[in-house]
Amino acid sequence: MISVQCIINASIAKVWELWTLPEHIVNWNYPSEEWHTIAAENDLKINGQFKYTMQAKDKSATFDFEGIYTEIKVLSLIEYMLSDNRKGTILFEEHNGNVKLTEIFEPNLQDSEDMQKQWCQTVIDNFKIYAEHIKNNN
């Protein structure tokens with residue numbers, strides 16, 4: 001299993017909203033400046049589907065990150081199964097007035113675990129920047 005986390009200076013309700021609504025997902029879900037998410041669909045319920053279409057900005061590569069939700073506890077936990085049957089968990093925890101966001105997932109076999117961990121850590125770091133920017137500008 002791979003685990004990444006960050007501490008976000010925002011309310012748990014705001015973090016949950018920004019993590020789960022497609023109009024926000026497209027603004028933070030990218031692992032480097034060369035990539036972006038061009039579309040996001042999210043049916044946040046047990047057996048609901050999610051699909052984030054990621055694309056290299058130079059259009060040299062596109063892929064879908066997709067799966068179904070297997071467990072949801074609002075403002076606390078999201079568990080999912082990806083289309084290749086790998087499982088993951090996202091935890092939202094109150095932490096000294098902030099939110100500790102932790103994502104744990106099974107790595108794929110094609111890519112190094114270090115690369116996958118860095119990719120995911122960068123995505124949640126981008127989420128932190130986005131969430132704190134939104135919080136401070138609303």
### Query
Just wondering, do N42 and Y69 contact through their side chains at under 4.5 Å, heavy atoms?
yes
### Summary
D125 meets the salt bridge (charged side-chain N to carboxylate O under 4.0 Å, His left out) criterion, sequence neighbours left out, with none
### Message
Tell me every residue that passes salt bridge (charged side-chain N to carboxylate O under 4.0 Å, His left out) with K117, counting only those two or more places apart in sequence or in another chain.
### Response
none
Return the [atom1] to [atom2] distance between [X] and [Y], rounded to the nearest 0.5 Å.
{"X": "H24", "Y": "K14", "atom1": "NE2", "atom2": "NZ", "answer": "6.0 Å"}
{"X": "M1", "Y": "E106", "atom1": "CE", "atom2": "CD", "answer": "5.0 Å"}
{"X": "I68", "Y": "L82", "atom1": "CD1", "atom2": "CG", "answer": "10.0 Å"}
{"X": "W35", "Y": "Q55", "atom1": "CH2", "atom2": "CD", "answer": "8.0 Å"}

Are the side chain of [X] and the backbone N or O of [Y] linked by a donor-acceptor pair below 3.5 Å?
{"X": "N27", "Y": "E23", "value": "yes"}
{"X": "Q121", "Y": "Q5", "value": "yes"}
{"X": "W19", "Y": "I90", "value": "no"}
{"X": "D64", "Y": "K51", "value": "no"}
{"X": "E132", "Y": "N9", "value": "yes"}

Report, one line per pair, each donor and acceptor closer than 3.5 Å where one atom sits in a side chain of residues 91-101; sequence neighbours left out.
none

### Query
Is there a chain of hydrophobic side chains (I, L, V, M, F, W, Y, each step under 4.5 Å between heavy atoms) that links W28 to F63?
yes
### Message
Does the plane of the ring in Y80 sit parallel, tilted or perpendicular to the ring in F50? Use 30° and 60° as the thresholds.
### Response
perpendicular
### Message
Ignoring hydrogens and geometry beyond distance, is a side-chain donor-acceptor pair present between D114 and S112 at under 3.5 Å?
### Response
no
